[in-house]
Amino acid sequence: MTEKMIDSNGAMLCAESFGSPNDPPILLIMGAMASMIWWDEAFCRRLADKGRYVIRYDNRDVGRSTAYPPGELHYSVKDMTDDAMEVLNGYGLERAHLVGMSLGGMIAQLAAVIHPQRVSTLTMMMSSLYAPYEEELPSIDERILQYHANSAQLDWSDEAAVTRYLAEGWRLLGGSSHPFDEKRAMKLAADEVKRANSLLSMFNHALLQNEPVYDIQLDEIKAPALVIHGTEDPVLPYAHGLALARSIPGASLLTLEGTGHEIPRGDWDVILDAILLHTSGKS
């Protein structure tokens, strides 16, 4: 595992890799308000051990990547898509398999449309369409919005309190199939607090919701697509995954019964097997 900083149009992105550069590359793109560490190191190593060159990175405003003042949005989802391509450039890669979680899945979609020559396959986990859709899709659970609205009363100088706040936020995202892994959540939350350049800047990702949906047509996507979605996702309910799978020609859908907006260890075997098959050229 090696870490490096990559320049993307003036923004510095922190990335790290697992495995051999001689193996097929997979770029992991995390969702909003979370750094790359939420792609568990053990998850990345298992992919690498199965013959994939795995790269994960911090999006802008999280982790060790460039952070902007809280409450200020200095970039778009299109810029974040270009960031993903610059990460590939930083590793000398012409193309890669893209695996995106939530917002990361939307970034992967946009990349597949505007940078098709650089996308071998795309996998979208607990994500939604980053394109117009004719039907109204269900909204995020209000409990999650209320929980984060209460963060204004949090003492952000109290590392223990902030760690607990982050971990409990992830508890709200879980489904009923797997017990909440509090130990894992607390460890990752503590690491998040320690490594963030500006922890409060993560809330800038919420401002991306005010950005107009990029005018793309998902039926233009030629790369093989896999949609993975939990039936109990409280952020982007299961209907989002169904709509996404219907909108991309030939897309496959892997349904995770009782899984929320999460990548629980209990689902790793089925998720990893699906990604490995999808990126093998044999699916």
Side-chain angles (χ1 to χ4, degrees), residues 18 26-50 52 54 56-59 62-63 97-108 122-128 138 140-141 143-144 147-148 163-193 202 205 226-242 244-245 252-279:
F18 303 79
I26 290 180
L27 181 66
L28 301 176
I29 311 171
M30 185 38 71
M33 295 175 58
S35 73
M36 65 180 173
I37 64 173
W38 294 90
W39 294 110
D40 288 68
E41 182 176 331
F43 182 93
C44 297
R45 290 193 182 281
R46 283 183 59 177
L47 271 177
D49 289 344
K50 292 294 185 178
R52 300 294 184 271
V54 180
R56 63 180 185 174
Y57 70 101
D58 293 328
N59 283 310
V62 293
H97 302 280
L98 304 188
V99 178
M101 169 72 179
S102 194
L103 173 62
M106 300 177 202
I107 291 170
L122 68 159
T123 300
M124 296 148 288
M125 303 174 58
M126 322 310 174
S127 192
S128 188
I140 187 173
D141 190 317
R143 294 176 303 164
I144 297 170
Y147 181 82
H148 290 297
T163 297
R164 172 61 64 181
Y165 160 76
L166 293 176
E168 289 300 314
W170 282 88
R171 185 191 295 273
L172 288 175
L173 306 186
S176 63
S177 281
H178 308 286
F180 178 64
D181 190 344
E182 182 174 358
K183 182 178 179 181
R184 166 186 175 264
M186 287 293 290
K187 180 185 184 305
L188 290 175
D191 291 344
E192 191 84 280
V193 170
M202 68 180 177
H205 285 177
L226 170 64
V227 175
I228 301 175
H229 215 104
T231 61
E232 295 183 12
D233 188 330
V235 177
L236 295 168
Y238 183 53
H240 289 256
L242 293 175
L244 183 55
S252 300
L253 173 65
L254 171 61
T255 296
L256 302 176
E257 294 291 341
T259 296
H261 198 74
E262 56 182 338
I263 312 174
R265 191 176 290 269
D267 283 337
W268 281 13
D269 286 346
V270 66
I271 290 172
L272 289 166
D273 285 349
I275 292 173
L276 288 167
L277 178 61
H278 187 59
T279 59

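All residue numbers refer to positions in the sequence shown, counting from 1.
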Please check: side-chain N/O of Thr231 versus main-chain N/O of Gly258, any donor-acceptor pairing under 3.5 Å? yes

I need the Cys44 SG to Ile37 CD1 distance, nearest 0.5 Å. 11.5 Å

The test is salt bridge (charged side-chain N to carboxylate O under 4.0 Å, His left out); show your working for Lys50 and Asp273 and say whether it passes. CA-CA 10 Å; Lys50 292 294 185 178; Asp273 285 349; over 6 Å; no

Checking the side chain of His278 only, and the main-chain atoms of Leu122 only, is there a donor and an acceptor separated by less than 3.5 Å? yes

Are Arg171 and Glu262 close enough for a salt bridge, meaning some N to O gap below 4.0 Å? no

Do Ile29 and Tyr57 come within less than 4.5 Å of each other through their side chains, counting heavy atoms only? yes

Treating Thr259 as the side-chain partner and Gly175 as the backbone partner, does any N or O pair qualify as donor plus acceptor under 3.5 Å? no

Looking at Met33, is its backbone amide N or carbonyl O close enough to the side chain of His205 to form a donor-acceptor pair, meaning the two atoms are under 3.5 Å apart? yes

Under the side-chain contact (heavy atoms from CB on, under 4.5 Å) test, residues paired with Leu242 that sit two or more places apart: Tyr238, Arg246, Leu253

Heavy-atom side-chain contact between Leu254 and Val227 under 4.5 Å: no

Hey, can you tell me if Phe43 and Trp268 have their rings parallel, tilted or perpendicular (30° and 60° cut-offs)? perpendicular

Under a 3.5 Å distance rule, please check whether Glu192 uses its side chain to pair with a backbone N or O of Ser35 as donor and acceptor. yes

Check ion pair Asp49-Arg45 (N to O, under 4.0 angstrom): no

Under the side chain to side chain contact (heavy atoms under 4.5 Å, CB included) rule, what do Trp39 and Ile263 come out as? Steps first, then yes or no, please. CA-CA 8 Å; Trp39 294 110; Ile263 312 174; 3.5 Å; yes

What salt bridge (charged side-chain N to carboxylate O under 4.0 Å, His left out) pairs are there with at least one residue in residues 27-40, not counting sequence neighbours? Asp40-Arg184

Between Ser102 and His261: side-chain donor-acceptor atoms closer than 3.5 Å: yes

For the CG atom of Asp181 and the NZ atom of Lys183, what is their distance to the nearest 0.5 Å? 8.5 Å

Check: Glu232/Ser176 side-chain N/O donor and acceptor closer than 3.5 Å: yes

Take Ile271 and Met125 through the side chain to side chain contact (heavy atoms under 4.5 Å, CB included) test and state the conclusion after the steps. CA-CA 9 Å; Ile271 290 172; Met125 303 174 58; 3.9 Å; yes

Atom CE in Met36, atom CG in Asp58: separation rounded to 0.5 Å? 4.5 Å

Could you pull out the closest heavy-atom pair between Thr163 and Met186, with the gap in Å? CG2-O, 3.7 Å

Min side-chain heavy-atom separation Leu27-His97 under 4.5 Å: no

Minimum heavy-atom separation for Ala185 to Phe180, with atom names? CB-CZ, 3.5 Å

To the nearest 0.5 Å, what is the distance between CE on Met124 and CG on Leu236? 13.0 Å

Shortest non-hydrogen contact from His178 to Pro264? CD2-CG, 3.5 Å

Close side-chain approach of Arg56 and Phe18, heavy atoms under 4.5 Å: yes

For a quick test of reading the model, state the closest non-hydrogen atom pair linking Leu173 to Pro234 and the distance between them. O-CD, 3.6 Å

Roughly how far apart are Ile275 CD1 and Ile228 CD1, rounded to 0.5 Å? 5.0 Å

Classify the ring geometry between Tyr165 and His148 as parallel (under 30°), tilted (30 to 60°) or perpendicular (over 60°). perpendicular

Taking atom types as modelled, is there a side-chain donor on Asp233 or His240 under 3.5 Å from an acceptor on the other? no

Atom OG1 in Thr123, atom CE in Met101: separation rounded to 0.5 Å? 13.0 Å

